[in-house]
Number of protein chains: 2
Amino acid sequence: MKTHTESEENYIKALYHLGGGRPVSNGDLAQRIGAKGSSVTQAVRRLGQKDLVNVVPYKGVQLTPQGIRLAKSILRKHRLWETFLVDKLGFGWEEVHPLAEQLEHIQSEELVDRLFQFLGSPKHDPHGDPIPERDGQMPPVLGQPIGAFTAGTEIRIVRVEDAGSEFFDQLDTMNINLGNTYEIRAISAFDSSVELGSSAGTFWLSQNMCANIYAVQS
Amino acid sequence: MKTHTESEENYIKALYHLGGGRPVSNGDLAQRIGAKGSSVTQAVRRLGQKDLVNVVPYKGVQLTPQGIRLAKSILRKHRLWETFLVDKLGFGWEEVHPLAEQLEHIQSEELVDRLFQFLGSPKHDPHGDPIPERDGQMPPVLGQPIGAFTAGTEIRIVRVEDAGSEFFDQLDTMNINLGNTYEIRAISAFDSSVELGSSAGTFWLSQNMCANIYAVQS
DNA sequence: AATAAGGTTTAGCTTTGCCTAAAATAAAAG
DNA sequence: CTTTTATTTTAGGCAAAGCTAAACCTTATT
C-alpha cells in the first residue's frame, strides 16, 4: 500500500464517513472537510488519479474498493489510538478525538499490529464503535438506542454516539459509562424521556440523551 | 507555543543536533536534512522570520533561545516515544527511530505529560540518551566509552550510540543490552579491542564496537 | 420551454517546500 | 594580491492545498 498525504487521508476518511461506498456530493464533502468547494474539486481529482475514488463531475464522488480499504485502515488506527489514550493514558473520551486524528496518520503496519496486541486485541473502541480488523472485516455495531427498549428491561450501555463535547460532559457528570447496567423503569409517553434505575438510585434521561446512547439487554 | 510544520520542526531538530546553540553551515544542514542547499536557504529564512534562528548570510544559522526550547521539546517527545515503543510495544531499538520521527510531531502537551507518567517518568531512553525534562533541563549524559576503563573494572552498560542498524544488529546477536554488567578482562595493546567477561563466559569486542558503547563502573 | 437558484467547476492567486541552473561571495592557493 | 575553488544565494519551476471570483451545469419554478 502506497503512502498518502494527510490531506488525502482526511478526504478518504470523510468520504467513508459520509457515504461508505455510495456517492457523496461536493458540498457535503466540503462541509465535512472544512474547505471550499473549489478545493474539494481539485482534491478529489487527485484522488481519482490514484484510483481511490471515482469522480463524475457535477454528480458526486465515490470510494473505490481500494479507497474503502484505505478508509478502514485509517479508521482502525484512529480507534486503536483512542483506545490507547483512554485505557492506558487515562484521557476522557471527549478529549481523545482530536489527538487520534493526528495519530491515525502515523505510517507503520507493524506499529498498528503491536498496538492492537498491547491493547488486548480490542473489538470496540472506548465509545463502543467497532474497530475494523486487520483484513477489513467489521465487528458488529452494538446496541440500540435506549428508547427502543420497553419498561422493565435490564440493559447494559455498550456505545455512545459522538455528539459533541457537551454531550460527553453530560455523560461524565451523570457518571454514565460503557458497561454500566440499569433497569428501564419508565418511558414517558409525553416526551420519550426515559427513567433509569440502578443500585445508586433512579434518574431521567432526556430524549436527546437517549438517542445517542446505545444498549443491549443484559 | 505556536504551531509549526513538520518541515520546520525537522530543521530545528537538525540544527540542535549539529550545533546545539552554535552556528551551523548551510551545507551541513542540507546534508543532515537531505535537501539541496537552495532549499535550506529558503527554509532557514522562514525560521528566521519566526525568531527560531538567527541567520547571517554566507556565514551560518544559529538557534535562538526560543529555537533551543522548541528543539528540546521535540527531542523530549522523540525519546519518550522511543521509550514507549521499546518498553511497552516490544520493538527492538534499531526499529524505533523512524517511528519516533513521525510520532515526535504530534502536538499535545497533555499527551506528552501523560505519556511521561505512563512510562514511569524516565530520565533516559532505551539507548540511554537523556530525555529533556518538561522545563528543558537535561539529565546527565551517562557513561564513558568502554575502552576508557582499565582491566579488572566491573562495568555496567548504560548507553549506546546510534551508529546504524548493523551496529544494533551486532549488539542483538551478541546479546548486549543496557543494564548488562561485565568485568573488563583485558584491553589489547595492538588494536584496542576489549575482552569482556560475565557469568556466561568471555568475548572480545572490536574497537569500533567499543567506541559506541558507554558504561559506568559498578 | 424559459428562467432563476443552487451547486460545481474553472481560472487565477497564495504559501510551503522542494528542485536545477546560474550568479555571487568567501576562502584557499598561487 | 590575484585567481581558483568551494560554498551559498538568487532566479525561475513544479506540485500540493488552500482561497476568491467568475463561468458553468442541473434542477426546480414559473
Side-chain angles (χ1 to χ4, degrees), chain A residues 1-15 17-19 22-63 67 70-71 74 101-102 104-107, chain B residues 1-16 18-19 22-63 67 70-71 74 101-102 104-107:
Chain A
M1 204 180 284
K2 269 213 289 276
T3 164
H4 313 94
T5 68
E6 294 202 7
S7 170
E8 282 172 349
E9 292 196 349
N10 285 336
Y11 276 95
I12 295 296
K13 221 184 13 157
L15 248 359
H17 179 92
L18 293 171
R22 310 271 64 230
V24 172
S25 78
N26 183 303
D28 289 355
L29 191 50
Q31 169 137 44
R32 175 90 189 165
I33 294 280
K36 291 303 157 80
S38 53
S39 308
V40 170
T41 303
Q42 266 194 143
V44 296
R45 196 168 11 212
R46 278 194 300 270
L47 293 175
Q49 266 155 0
K50 298 194 175 185
D51 283 317
L52 293 169
V53 301
N54 288 319
V55 187
V56 183
Y58 290 102
K59 288 298 177 179
V61 203
Q62 192 177 6
L63 287 172
L70 176 55
I74 299 167
E101 212 124 74
Q102 295 185 62
E104 75 196 358
H105 299 297
I106 303 291
Q107 319 258 183
Chain B
M1 203 181 286
K2 270 214 288 278
T3 166
H4 313 93
T5 68
E6 292 203 8
S7 171
E8 281 171 349
E9 293 196 348
N10 285 336
Y11 276 96
I12 295 295
K13 220 184 12 155
L15 247 0
Y16 185 75
L18 294 172
R22 308 273 65 227
V24 172
S25 78
N26 183 302
D28 289 355
L29 190 49
Q31 169 138 45
R32 174 90 188 164
I33 293 281
K36 292 302 157 81
S38 53
S39 308
V40 170
T41 303
Q42 270 194 140
V44 296
R45 193 168 12 210
R46 279 195 299 270
L47 293 175
Q49 267 155 358
K50 298 196 175 185
D51 284 316
L52 294 169
V53 300
N54 288 319
V55 187
V56 183
Y58 290 103
K59 288 297 177 180
V61 203
Q62 190 177 8
L63 287 172
L70 177 55
I74 298 168
E101 211 124 74
Q102 296 185 61
E104 74 195 358
H105 299 296
I106 303 290
Q107 318 258 184

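Proteins come first, then strands; the chains are lettered A, B, ... in the order of their sequence lines, and each starts at number 1.
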Could you tell me whether a side-chain N or O of B:Q102 sits under 3.5 Å from a main-chain N or O of A:Q107, the two making a donor and an acceptor? yes

Separation of B:Q31 atom CD from D:dT8 atom P, in whole Å? 11 Å

Distance (rounded to the nearest 0.5 Å) between B:K36 NZ and B:T41 OG1: 13.0 Å

Is B:S39 close enough to C:dC18 that one of its side-chain N or O atoms is under 4.0 Å from OP1 or OP2 there? no

Using C1' atoms of five pairs at each end, report the bend of the helix from C:dA1-D:dT30 to C:dG30-D:dC1 rounded to 10 degrees. 20°

Tell me: CD of A:Q49 to P of D:dA17, nearest whole Å? 12 Å

Side-chain contact check for B:S7: nearest option of D:dA17, C:dG17, C:dT8 is C:dG17

Taking CD1 from A:I33 and P from D:dG18, how many angstroms apart are they, rounded to a whole number? 8 Å

Rounded to whole Å, how long is the line connecting atom CZ of A:R46 with atom P of D:dA17? 5 Å

How many Å lie between NZ on B:K50 and P on C:dT15, as a whole number? 13 Å

Could you state the atom-to-atom distance from CG of A:L47 to C1' of D:dG18 in whole Å? 15 Å

Of the listed nucleotides (C:dC18, D:dG18, D:dT26), which one gets closest to any side-chain atom of A:K59? D:dT26

Which one, C:dG17, C:dG7, C:dT25, comes nearest to the side chain of B:Y58? C:dT25

So what does A:G37 hit on the nucleic acid, given a heavy-atom distance under 4.0 Å: a base, only sugar-phosphate, or nothing? base

Passing candidate, side-chain hydrogen bond (donor to acceptor under 3.5 Å, both in side chains) with B:N10, options B:H4, B:H105, B:E101: B:H105

Just how far, in rounded Å, is P of D:dA15 from CZ of A:R45? 14 Å

Measure from CD on B:Q42 to P on C:dT16 and round the result to the nearest Å. 10 Å

Closest nucleotide among D:dC19, C:dT20, D:dT8 to the A:S38 side chain: D:dC19

Where the side chain of B:T5 is concerned, which of C:dT16, C:dA24, C:dC18 is the nearest nucleotide? C:dT16

